[in-house]
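I have placed the structure first, in the form of structure tokens, so that the comments after it can refer back to it.
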Protein chains: 2
Amino acid sequence: MTNRETTTRETLTRNQTLVFDALAKAAGPLSAYTILDKLRDDGFRAPLQVYRALDKLVDFGMVHRLESLNAFVACAHPHCGQHGLIAFAICEKCGHVSEFSNDVIEDQVRGWAAANGFKPSKTTVEIRGNCAKCLNS
Amino acid sequence: MTNRETTTRETLTRNQTLVFDALAKAAGPLSAYTILDKLRDDGFRAPLQVYRALDKLVDFGMVHRLESLNAFVACAHPHCGQHGLIAFAICEKCGHVSEFSNDVIEDQVRGWAAANGFKPSKTTVEIRGNCAKCLNS
DNA sequence: ACTGATATGTTATTAAGTTACATCAGTTGC
DNA sequence: GCAACTGATGTAACTTAATAACATATCAGT
């Protein structure tokens, strides 16, 4: 239903590693340009270096793209294998992103698709709002 | 759960009408810049004219923004009053967008939010894939 | 060493969205 | 009528996001 791993991941290239590490150690999602800035010292000069690495990482399922933010996060799941549809809850105050998967939503999407002859390739579910921590402060 | 109408709509301004009509008569979603081009003859010169109108129209619930496309569509529902969460199925071949609402998904989102102390303000559900028509051709 | 596939580097360009500032039109209060 | 306020508009400049085009490098397999 959601994105499948189309490429076999063996080893990350240098650039992919740098981009992934930048995302992994960040508190929240980063835009491609923010990543670029963080990696200037590692020799990154142009957006394309970041976008190319991101494309692969998303393909591998190690990174998710947040459509409503034009930004990217490292996948929260340690070994990031197969999971179904993933939903994101994005705090508009602190920027924190919670990732969860939900089979019921996935079934509903599949159901609508089946009923309408639609063949889904990727499903985006993003909830914008305020997280518990920010609401209590 | 999803976006609420925060502004009371009475009459559309000239620019809002122009932008809405452009969207309403389009077959699929349009980007802000595409709208701008269509409205050059009506005196539009700058992106901001489009964005300002779009902001209001989205506020009124007459237009939806497709996050995964950076584009906008006129709402499919005639009187576009209250509906709950709206999902979009977007054909990547022909660009056609189907809009549907789904209470089960809305409940799931609400449920997760309640369990996690998250207060949602807007929920995005976008399914990318291929529509029935395109699959049979 | 030669070939093909993948990864990289670099420049320039297109697309998307915002900031800042000036103006204009309608309304409300006096 | 006129000041004061509010919302809509126009315009230029700018930032941010993403891609196109082209050159080069790296490496596996033969």
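Heavy-atom basis, side chains included; hydrogens, waters and symmetry copies ignored. Here is how names work: the chains are called A, B, and so on, in the same order as the sequence lines, proteins then strands, and each is numbered from 1.
When the P atom of C:dA16 is taken as reference, atom CD of A:Glu67 falls 14 Å away, rounded to whole Å. Between the CG atom of B:Leu12 and the P atom of D:dG7 there is a distance of 17 Å, rounded to whole Å. The separation between A:Phe72 atom CZ and D:dT16 atom C1' is 13 Å, rounded to whole Å. For A:Asp59 and C:dT6, the CG to P distance is 12 Å, given to the nearest whole Å. Atom-to-atom, CG of B:Asp55 to P of C:dT19 comes out at 11 Å; the value is rounded to the nearest Å.
Of the residues in residues 29-42 of chain A, those placing a heavy atom less than 4.0 Å from an atom of DNA chain D are A:Ser31, A:Tyr33, in numerical order. Using a 4.0 Å cut-off on heavy atoms, none of the residues of residues 15-25 of chain B approach DNA chain C. DNA chain C lies under 4.0 Å from no heavy atom of any residue of residues 88-95 of chain A.
Applying the side-chain hydrogen bond (donor to acceptor under 3.5 Å, both in side chains) criterion to B:Asn70, with sequence neighbours excluded, gives B:Arg65. Residues meeting the side-chain hydrogen bond (donor to acceptor under 3.5 Å, both in side chains) test with B:Thr34, sequence neighbours left out: B:Ser31. With sequence neighbours excluded, no residue forms a ring-ring contact (aromatic ring centres under 6.0 Å, His included) with B:Tyr51. Take B:Phe44 and apply the ring-ring contact (aromatic ring centres under 6.0 Å, His included) test, not counting sequence neighbours, and it matches no residue. Applying the side-chain hydrogen bond (donor to acceptor under 3.5 Å, both in side chains) rule to B:Asn15 yields no partners; only residues at least two apart in sequence or on another chain are considered. Partners of A:Arg128 under the salt bridge (charged side-chain N to carboxylate O under 4.0 Å, His left out) rule, at least two apart in sequence or in another chain, are A:Glu92.
In the set D:dA18, C:dT10, C:dT19, the nucleotide with an atom closest to the side chain of A:Leu48 is C:dT10. Comparing D:dT19, C:dT10, C:dG17 by their nearest atom to the side chain of B:Pro47 picks out C:dG17. Taking the side chain of A:Asn70 as heavy atoms from C-beta on, and the options C:dT8, D:dA17, C:dG9, the nearest nucleotide is D:dA17. Distances from the side chain of A:Thr13 to the nucleotides D:dA18, C:dA7, C:dT11 place C:dA7 closest. In the set D:dT19, C:dT18, D:dT9, the nucleotide with an atom closest to the side chain of B:Tyr51 is C:dT18.
Heavy atoms only, all atoms of each residue included: B:Val73 and B:Gly28 are closest at CG1-C, 4.2 Å.
Side-chain contact between B:Val19 and B:Asp21: absent, with no pair of heavy atoms (C-beta onward) separated by less than 4.5 Å. Considering only heavy atoms from C-beta on, A:Thr124 stays 4.5 Å or farther from B:Glu67 through its side chain. Proximity of A:Ile90 to A:Ile127: side-chain heavy atoms (C-beta onward) are nowhere separated by under 4.5 Å.
Here A:Arg52 lies in heavy-atom contact (under 4.0 Å) with a base.
Taking the centre of each ring, A:Phe88 and A:His64 come in below the 6.0 Å mark.
The NE2 atom of B:His77 lies 10.5 Å from the CZ atom of B:Phe100; values are rounded to the nearest 0.5 Å. B:Leu85 CG to B:Ser101 OG: the interatomic distance, rounded to the nearest 0.5 Å, is 8.0 Å.
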Report all interatomic pairs (protein N or O, nucleotide N or O of nucleotides 24-29 of chain D) with separations under 3.5 Å.
none

Set out, line by line, the N/O atom pairs under 3.5 Å between protein and nucleotides 23-28 of chain C.
none

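A:Leu135 forms part of no hydrophobic cluster, judged by ILVMFWY side-chain heavy-atom separations under 4.5 Å.
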Would you check, one step at a time, whether the test side chain to side chain contact (heavy atoms under 4.5 Å, CB included) holds for B:Leu57 with B:Asp59?
CA-CA 5 Å; B:Leu57 292 168; B:Asp59 226 37; over 6 Å; no

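Between A:Gln49 and C:dG9 there is a side-chain N or O to OP1 or OP2 distance below 4.0 Å. Residue A:Lys56 has no polar side-chain atom (N or O) positioned under 4.0 Å from OP1 or OP2 of C:dT6.
Side-chain atoms of A:Gln108 never come within 3.5 Å of backbone atoms of A:Val104 as a donor-acceptor pair (strictly under, hydrogens ignored). Distance alone, capped at 3.5 Å, places no donor-acceptor pair between the A:Glu99 side chain and the A:Ile86 backbone.
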